[in-house]
Q: 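Dropping the structure in here first, questions after.
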Amino acid sequence: MVRVRFAPSPTGPLHIGGVRTALYNYLFAKKMGGSFILRIEDTDRTRYVPGAEDYIIEALDWFGLETDENPIKGGDYGPYRQSERKDLYKQYAMKMLEDGNAYYAFDSAEDLERMREEAKENGKHVAKYDATVRMQMKNSLSLSTEETAALLEKGENVVVRLNIPSDRRIGFKDIVRDEVSFDTKELDDKVILKGDGMPTYHLANIVDDHLMEITHVIRGEEWLSSTAHHILMYEFMGWEPPQFVHLPLILKPVGQGKLSKRDGAKFGFPVFPLEWKAEETYAGFREDGFDKDAIKNFLAFLGWNPGTEQEMFNMEDLIAAFSLEKIVKSGARFDIDKAKWFNQQYIIAKDNAEIAEVIKPLLQNASYMGHSDSFILGFIELMKERVESYNEFVSKGYYFFEKPRIEDEKIARKKWKDENELHFTAIRTQMAESSSFDSDTVQGIIKGYIGDNGLSFGAILPILRIAISGTMKGPDIFGMMSLLGKEESIDRLHAGIEKIKAL
RNA sequence: UCCCAUAUGGUCUAGUGGUUAGGAUUCCGCCCUUUCACGGCGGCGGCCCGGGUUCGAUUCCCGGUGUGGGAACCA
């Protein structure tokens, strides 16, 4: 039975890279008929951000990445919040202590600082708390039993560190990267239990993954370097380690480094699934009008591909096609253009009624009230191929709900001829007299008039379009007029012509 | 600096000891549409570098370089 977990830390809003990690875990779990677990890694009390856990849950919920076990609904392996498992970790730290695989250390922040300074003076570029300095530090290895007991009694700066063996090669198999190995002399004696009694990530992680019977650890590549520590800890505990899968990181669109929360504002696109409001506000894909399925499809392809040329995948197909072996090894730059393209494709393919559910609140926010469902559905049909986000239905299609602003003044001026006055008066009269006003009828009236009077389409259509919608860009003019209705179309034609004349 | 990982058009990627190195996106052009968009067609653009093995290397080997990550009582 496959069991995987998504284990974010509630230190702020869930990053889009975290969403991808969650997605891959979910896809793998579903593919294998296994369980997908949410575990909250809140062991750092100084970085805890209220609301972050709710945000994580809401984001997963928005994407429909349902978890089988989580802090809210529980499960057979709970609790699922590490802060609630505090006592558990201590036991295992004690076990490692007893076996000599860990030791107490009593160094103060100043002691550690001094150690680092000295290392630097000795020409070392990296200062690690390891076998080379271990015996010069204040710990249960360097101190006598009595001294140790006294310091333990005092209780200041007491941490538990891993006793990393020297001269060993720790190797493991990563499903994406194959064999990876580290020399233990590169590894530091990591703190596993902190002064406040909380475990660090490393301890909590292996204890929980073991206790929760996690079979595959699918996480970001930033963890690759500490995996040797984890393997060693599984060994110390006599536990079977899970399979490891380190995902390539998502990089900035341009420049150096991984995608960060600042990049959103910098490049003008969201890097978070949902909007996050704190001292600063960070944009969210949802609020920016992205479709959740489009984002999932986009994210799935950032670091993975099925090896075929298909790239539009619904969840079911994605689950069927997904495999850990096809995960790409190198980091992927975040490309918002690709995300927008996926979004547009999804909007076009989406059922109008479904789109209506999403955009109705947006229309309300813009104070566009009181429109019938059929009007909204007709509006969606006309606009869906012309927007790349849900929000653009409102920003680009505003003139379906209020009087248009003349945007293409230059074209209007250029196309305006005095005789248009006469033509449009005649057209208005014909429209007023028409008993029906469907798209074909409107088209018949306009084209008929043009034909009967030996005019060119170019003499009439651009002015008509600008009068109705204010812009040269937009859906089929006859469809728009029909949807707007006879009264409104005639009114706009009249008012529009007056405005154009005055330009 | 050390360790680990990684390297195919601008970006996301497929793939191979002999291929015109494929797809997607972006950009450009044409067609469709007397608008825009969608769609269709076409184009620009690529195997990190240097050695070696080989009849032949983008592919295998060695060495560089670039890039990413890590080197916390953070995750």
Side-chain angles (χ1 to χ4, degrees), chain A residues 7-11 41-44 46-47 82 105 107-109 112 116 120 123-130 157-161 174 176-177 180-183 185-188 190-202 204-205 219-228 246 248-254 256-258 298 301-312 326 328-342 344-345 348 382-388 396 408 411 450 456-462 464-466 469 471-477:
Chain A
S9 193
T11 54
E41 308 223 330
D42 55 347
T43 54
D44 187 350
T46 63
R47 293 209 310 158
Q82 291 184 330
D107 311 276
S108 64
L112 293 171
R116 293 189 179 107
K120 207 184 249 177
K124 280 200 209 163
H125 297 281
V126 268
K128 289 198 304 283
Y129 200 119
D130 62 11
N157 298 319
V158 185
V159 303
V160 177
R161 283 182 182 272
D174 183 281
V176 251
R177 282 150 226 286
V180 179
S181 66
F182 293 83
D183 215 312
K185 63 172 173 285
E186 303 295 343
L187 272 34
D188 65 336
K190 281 218 181 313
V191 170
I192 56 173
L193 204 63
K194 301 188 260 192
D196 63 0
M198 278 291 204
T200 58
Y201 172 88
H202 310 287
N205 204 255
R219 59 182 7 172
E221 197 189 347
E222 69 267 28
W223 296 110
L224 188 61
S225 298
S226 40
T227 306
H246 287 97
L249 265 18
I250 297 176
L251 276 20
K252 290 180 194 299
V254 291
Q256 298 188 310
K258 57 179 172 177
F298 164 70
F301 272 73
L302 213 54
W304 172 86
N305 79 84
T308 65
E309 285 181 359
Q310 183 187 348
E311 61 179 344
M312 299 305 290
K326 286 220 155 276
V328 171
K329 295 177 173 65
S330 54
R333 280 194 190 275
F334 186 88
D335 181 11
I336 193 66
D337 284 336
K338 201 63 184 277
K340 285 178 180 170
W341 178 79
F342 269 110
Q344 183 179 47
Q345 294 296 314
I348 291 170
L382 288 170
M383 287 302 292
K384 70 195 292 191
E385 281 179 359
R386 276 157 263 265
V387 298
E388 53 185 30
K396 283 189 168 176
D408 285 320
I411 295 171
I450 289 170
S456 71
F457 284 144
I460 298 297
L461 261 21
L464 177 65
R465 178 174 286 281
I466 291 173
S469 68
T471 172
M472 284 304 291
K473 298 177 179 176
D476 172 58
I477 180 69

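Remember, it's a predicted structure, so these values are computed and weren't measured experimentally.
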Q: Answer with base, sugar-phosphate or nothing: what part of the nucleic acid does A:Val254 contact at a heavy-atom distance below 4.0 Å?
A: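 Nothing, no nucleic acid heavy atom in range.
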Q: What integer number of Å spans the P atoms of B:rU16 and B:rC60?
A: 10 Å
Q: For B:rU59 versus B:rU8, give the span between their C1' atoms, rounded off to a whole number of Å.
A: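 These two C1' atoms come out 11 Å apart once rounded.
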Q: Measure from the side chain of A:Ile348, starting at C-beta and using heavy atoms only, and say which of B:rA7, B:rC38, B:rC36 lies closest.
A: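 That would be B:rC38.
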Q: Treating primed atoms plus P, OP1 and OP2 as sugar-phosphate and everything else as base, which nucleotides of nucleotides 68-75 of chain B get B, S or - for protein heavy atoms under 4.0 Å?
A: BBSBSBBB
Q: Say we look at B:rU13 and B:rG40: how far apart would their C1' atoms be, to the nearest angstrom?
A: 24 Å
Q: For the pair made of CE in A:Met383 and C1' in B:rC36, what is the distance, rounded to whole Å?
A: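 Atom CE in A:Met383 sits about 9 Å away from atom C1' in B:rC36.
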Q: I want to confirm an ordering. Mapping A:Gly303 and A:Lys384 to their closest nucleotides on RNA chain B, which one lands closer to the 5' end?
A: A:Gly303
Q: Quick one: pull up CD1 in A:Ile466 and CG in A:Leu461 and give me the separation to the nearest 0.5 Å.
A: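 Reported to 0.5 Å precision, the distance equals 11.0 Å.
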Q: Is the ring pair A:Phe334/A:Phe298 parallel, tilted or perpendicular, if the boundaries are 30 and 60 degrees?
A: perpendicular
Q: Give me the distance, rounded to whole Å, that separates B:rA14 from B:rC31 when you measure between the P atoms they each carry.
A: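 It works out to 37 Å between them.
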Q: I need the A:Thr11 OG1 to A:Arg47 CZ distance, nearest 0.5 Å.
A: 4.5 Å
Q: Can you check the A:Lys340 NZ to B:rC12 C1' distance for me, whole Å?
A: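 That distance rounds to 16 Å.
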Q: Treating primed atoms plus P, OP1 and OP2 as sugar-phosphate and everything else as base, which nucleotides of nucleotides 22-32 of chain B get B, S or - for protein heavy atoms under 4.0 Å?
A: SSBS-------
Q: In terms of side-chain geometry, is the basic nitrogen of A:Asp335 or A:Lys338 positioned less than 4.0 Å from the acidic oxygen of its partner?
A: no
Q: Is a side-chain donor or acceptor of A:Arg161 paired with a backbone partner of A:Lys190 at a separation under 3.5 angstrom?
A: no
Q: According to the Watson-Crick and G-U wobble definitions, with both distances under 3.5 Å, which nucleotide is paired to B:rG46?
A: none
Q: Between A:Leu461 (CG) and B:rC36 (C1'), how many Å, whole number?
A: 13 Å
Q: Over all strands shown, is A:Thr471 touching base, sugar-phosphate only, or nothing at heavy-atom distances under 4.0 angstrom?
A: nothing
Q: Output the rounded distance in Å from CE (A:Met472) to P (B:rC36).
A: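 That distance rounds to 7 Å.
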Q: Does A:Glu309 use its side chain to pair, donor to acceptor, with the backbone of A:Glu311 at less than 3.5 Å?
A: no
Q: Roughly, in whole Å, what's the span from CZ in A:Phe342 to C1' in B:rU13?
A: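 Checked: the CZ to C1' distance equals 11 Å.
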Q: Using 0.5 Å steps for rounding, measure from the CE atom of A:Met472 to the CD1 atom of A:Ile477.
A: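 The CD1 atom of A:Ile477 is 9.5 Å from CE of A:Met472, to the nearest 0.5 Å.
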Q: Output the rounded distance in Å from NZ (A:Lys326) to P (B:rC12).
A: 18 Å
Q: What nucleic acid atoms does A:Asp476 come within less than 4.0 Å of, heavy atoms only: base, sugar-phosphate, or nothing?
A: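 Base, at least one base atom sits under 4.0 Å.
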Q: Now, which nucleotide makes the Watson-Crick or G-U wobble pair with B:rU20, with each of the two distances under 3.5 Å?
A: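 Paired with B:rU20, as far as the under-3.5 Å criterion goes, is no nucleotide at all.
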Q: Is A:Asn305 near enough to B:rA14 that one of its side-chain N or O atoms lies under 4.0 angstrom from OP1 or OP2?
A: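 Answer yes for this pair, as a side-chain N or O of A:Asn305 is under 4.0 Å from OP1 or OP2.
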Q: Mind checking the P distance from B:rU58 to B:rU20? Whole angstroms is fine.
A: 15 Å
Q: Considering all heavy atoms of both residues, which atom of A:Ser226 and which atom of A:His202 are nearest to each other, and what is their separation?
A: CB-CE1, 3.7 Å
Q: If the P atom of B:rG43 is compared with that of B:rU1, how far apart are they to the nearest Å?
A: 46 Å
Q: Under 4.0 angstrom, heavy atoms only, what part of the nucleic acid is A:Pro248 near: base, sugar-phosphate, or nothing?
A: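 Contact class for A:Pro248: none.
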Q: Once you round to the nearest 0.5 Å, how far does CG of A:Asn205 lie from OG1 of A:Thr43?
A: 9.5 Å
Q: Rounded to whole angstroms, how far apart are NZ on A:Lys329 and P on B:rA7?
A: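 After rounding, the gap between these two atoms is 7 Å.
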Q: Return the value, rounded to whole Å, for the distance between atom CH2 of A:Trp304 and atom P of B:rA14.
A: 11 Å
Q: When both hydrogen-bonding distances must be under 3.5 Å and the geometry is Watson-Crick or G-U wobble, what is B:rU65 paired with, if anything?
A: B:rA7
Q: Scan every strand shown for a Watson-Crick or G-U wobble partner of B:rU1, both distances under 3.5 Å, and answer none if you come up empty.
A: B:rA71
Q: Could you identify the nucleotide paired to B:rU33, looking across every strand shown and requiring Watson-Crick or G-U wobble geometry with both distances under 3.5 Å?
A: none
Q: Determine the Euclidean distance between corresponding C1' atoms of B:rG68 and B:rC48; express it in Å to zero decimal places.
A: 15 Å
Q: Under a 4.0 Å N-O cut-off, is there an ion pair linking A:Lys185 with A:Asp183?
A: yes
Q: Among A:Arg219, A:Glu222, A:Lys329, find the one that has a side chain to side chain contact (heavy atoms under 4.5 Å, CB included) with A:His246.
A: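 Going through A:Arg219, A:Glu222, A:Lys329 one by one, the side chain to side chain contact (heavy atoms under 4.5 Å, CB included) with A:His246 is satisfied by A:Arg219 alone.
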Q: Return the CD to CG distance between A:Gln256 and A:Leu251, rounded to the nearest 0.5 Å.
A: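 Result: 10.0 Å between the selected atoms.
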Q: Expressed in whole Å, how much space separates the C1' atoms belonging to B:rU19 and B:rG51?
A: 26 Å
